[in-house]
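One structure is given below, encoded as structure tokens.
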There are 2 protein chains.
Amino acid sequence: MDSGVKKPGVTSSRVAEHAGVSQSAVSRTFTPGASISPKTRQKVLASAKELGYRPNAIARSLITSRSRIIAVVMAYLENLFYPDVLEELGRALAAENYHLLLFTGFMDRDSDPVFDQLMQYRVDGIILASTSLSSELSEECAAAGIPVVLFNRTTERDAVSSVTTRNREGGKRIADFLVAGGHTSFGYIAGLENSSTNRDRYEGYVEGLAANGYTNLVVETGNYSRKEAEAAARVMLSRPDRPEAIFVANDHMAVAVMDVARYELGLNIPEELSIVGFDDVGPARWTSYGITTMSQPLKRMVESTVDILMDQIASGEIEAEHRILSGELIVRTSARLPQSGIVERDGQRIYRPREA
Amino acid sequence: MDSGVKKPGVTSSRVAEHAGVSQSAVSRTFTPGASISPKTRQKVLASAKELGYRPNAIARSLITSRSRIIAVVMAYLENLFYPDVLEELGRALAAENYHLLLFTGFMDRDSDPVFDQLMQYRVDGIILASTSLSSELSEECAAAGIPVVLFNRTTERDAVSSVTTRNREGGKRIADFLVAGGHTSFGYIAGLENSSTNRDRYEGYVEGLAANGYTNLVVETGNYSRKEAEAAARVMLSRPDRPEAIFVANDHMAVAVMDVARYELGLNIPEELSIVGFDDVGPARWTSYGITTMSQPLKRMVESTVDILMDQIASGEIEAEHRILSGELIVRTSARLPQSGIVERDGQRIYRPREA
DNA sequence: GCAAAATTTGCATTCGTATGCATCGAATAT
DNA sequence: ATATTCGATGCATACGAATGCAAATTTTGC
């Protein structure tokens, strides 16, 4: 009666035979909304269960030309932000009955093999995150008629959609926050130079500082890598005119910078040095770091991403859509506090100067 | 000449027509080792390029009944160990021309839907990691004739393979290390109670302590979750007879325990409290933590995992294989040091008592 | 109870590729 | 030069499920 053990080759035809109906009937039983009487449906379900039948998604894909697979490209997962994204994407896609084909662990250079695989599997959509090969790759995919969403990255060309947060405003708010905190000299540890997030955060920061009359900004590059961020921090913090406050382009690097500052240079944070990050990733919340940081609304970003994909898949129309969400400046202990502007919300302290 | 833009429906037949050959010829061109003359091969390749043709992996799978997809099940990615595994798996599988279908972000409870999806996609193999539903799920899959490898977990039933490290020996070595370090009272913060890793590490630890004449072990459970580990640490460290040394079942929790010890209870590590972890995950190496920990040889574990799968896929024989690798006790700053037994290797300090 | 409409059902075909088999041509052997 | 072999090629079919269409059945209306 039970079965459990399932022979590899249980096909719809075998079930049909066993249930005394046609193969079409079996197919319709498993196709929501198909025309089938409750009676035969039950018969089929019974036989299916007995034989341990499950529709073959491959065969289905072939004929519907829908794989129900979404490719996710994340070159590296070192930054905890991305595993979080992945987990949330897993949830969101599963809810829509889609599956997640992951491309990771390859060096950024060789985009071509990845692209080839994507095309061969006829994925229904593509999410590009944490990869610098976005631009070229995305254009190609879009040209091939596959919906593409850039996650946490944008591009000028308008063929592909994107989901981001207000990086520019974030950078600006951080500048305001640091100025309000009484700092007078500033540093920036940059992410990947050609990434839109880095560019926008930087520009907003510079703009915000300038608006307050500060132009003495020192810059080093960490390329979103821990190792390089450490090196950058060493250089910046060894300067005679070491800045009082540093905006690090993301939390992943900020953690490294804090370690270097404290343990290699013996600096007290925030008394002697203020650090602000971006992302509000796990370790930022750990007591050892307590990083003051611009949060990215992960859940909403993922929702938007999946939304866009589902829309484009359903409509068949690939029209680039750009969703820009906003985060908050979460105030913790890694930076000196301004006199005012800090409010409490949902048990967190955030920076909200009056005009905002 | 170039093309770039690719019409959705370029099939092998279209290429065949364009090249003036049969569809079979096109197929053979893209099938390594098939019988085809260099001349026609070139003709086909030229046409394929011009039309932007790529073999349809779905259709190929249908007929070969090989999807070249490996399912990876990781219920959660909070513990950085798993993203690392994922990245390495991505690399290793790509090298074998396999792809990675990721199942993540679901609560452990509902294993059934996951199982259903696995079966429907006719994946060629399954890797189960960081999930407690291993036992039931794995049996089912194995019964269905799909190779399964448990990653960092074992099970008694011998239907499924597994790759682990010597958890028991690891626990024992940690006990030896702590005893040699002069500690006299001990604590254990446990992982998931029904997981084999937790059980083995615990048993080895207890055994090692007992061998040295210590039986005064206090235990709390953190279930491999950060939040619960924090709570466990609070309880354990508030005891009047707080232990001098704590073995935390993995680094992910050890980080949390250190934060609580330092910032909530003001304890100095390692002067007043020694902490040892397991995994040697990223944050363990960060200066703020510098966790002394049993390493798990990630790369080799992944290699073995993929090895086992490839073997079983190639041979069609599913014979459970259990690979057990060994790690090292990496000595850092979170625990008091023994007088002897610490040696340097590859720029790292490891604990290697004479008999080992 | 009968005709018309609505619903089920089965047949046959399709998706795009791989592959056994037969055929054909060229290369080798005698 | 002819017989033999071997590689290259094409034909036809198969993989497993979805679906348009027509036939069969049930339901509805009067």
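Chain letters run A, B, ... following the sequence lines, proteins first and then strands; every chain starts at 1. None of the values given here were measured: they were computed from a predicted structure. The basis for the numbers below is simple: all heavy atoms, side chains too, and nothing from hydrogens, waters or symmetry mates.
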B/Tyr53/B/Phe30 aromatic ring centres below 6.0 Å: yes
Shortest non-hydrogen contact from [X] toward [Y]:
| X | Y | value |
| --- | --- | --- |
| A/Pro83 | B/Leu77 | O-CD1, 3.6 Å |
| B/Val163 | B/Thr305 | CG2-OG1, 3.6 Å |
| A/Leu309 | A/Ile70 | CD1-CG2, 3.9 Å |

When we call it a touch if two heavy atoms are under 4.0 Å apart, what does [X] touch: a base, just sugar-phosphate, or nothing?
| X | value |
| --- | --- |
| A/Ser61 | nothing |
| A/Ser27 | base |
| B/Ser37 | sugar-phosphate |

For the pair made of [atom1] in [X] and [atom2] in [N], what is the distance, rounded to whole Å?
| X | N | atom1 | atom2 | result |
| --- | --- | --- | --- | --- |
| A/Ile58 | C/dT17 | CD1 | P | 14 Å |
| B/Leu62 | D/dA18 | CG | P | 12 Å |
| B/Arg54 | C/dG16 | CZ | C1' | 16 Å |
| B/Met119 | D/dG16 | CE | C1' | 15 Å |
| A/Tyr121 | C/dT17 | OH | P | 14 Å |
| B/Glu17 | C/dG16 | CD | P | 14 Å |
| B/Arg14 | C/dG16 | CZ | P | 10 Å |
| A/Arg41 | C/dT9 | CZ | P | 12 Å |

Phosphate-side-chain proximity, A/Ser35 and C/dT7, N/O vs OP1/OP2 below 4.0 Å
no
Open item on the list: Strictly below 4.0 Å: does B/Ser12 bring a side-chain N or O up to OP1 or OP2 of C/dA18?
Closed with: no
*asked:* Tell me if a side-chain donor or acceptor on A/Thr154 pairs with a main-chain N or O of A/Ser162 at a distance below 3.5 Å.
replied: no
Quick test: give all pairs of protein nitrogen or oxygen and nucleotides 10-14 of chain C nitrogen or oxygen below 3.5 Å, distance rounded to 0.1 Å.
residue : atom : partner : partner atom : Å
C/dG10  : OP2  : A/Ser22 : N            : 3.0
C/dG10  : OP2  : A/Ser22 : OG           : 2.9
C/dG10  : N7   : A/Arg28 : NH2          : 2.7
C/dG10  : O6   : A/Arg28 : NH2          : 2.9
C/dC11  : N4   : A/Ser24 : OG           : 2.8

Quiz prompt | A/Gln312 vs A/Ser161, side-chain hydrogen bond (donor to acceptor under 3.5 Å, both in side chains): CA-CA, chis, key distance, verdict | solution = CA-CA 10 Å; A/Gln312 298 194 351; A/Ser161 304; 3.2 Å; yes
* Between A/Phe81 and A/Phe151, what is the ring plane arrangement, given parallel below 30°, perpendicular above 60°, and tilted in between? -> tilted
Between B/Ala59 and B/Ala34, whichever has its closest DNA chain D nucleotide further toward 5' is B/Ala34
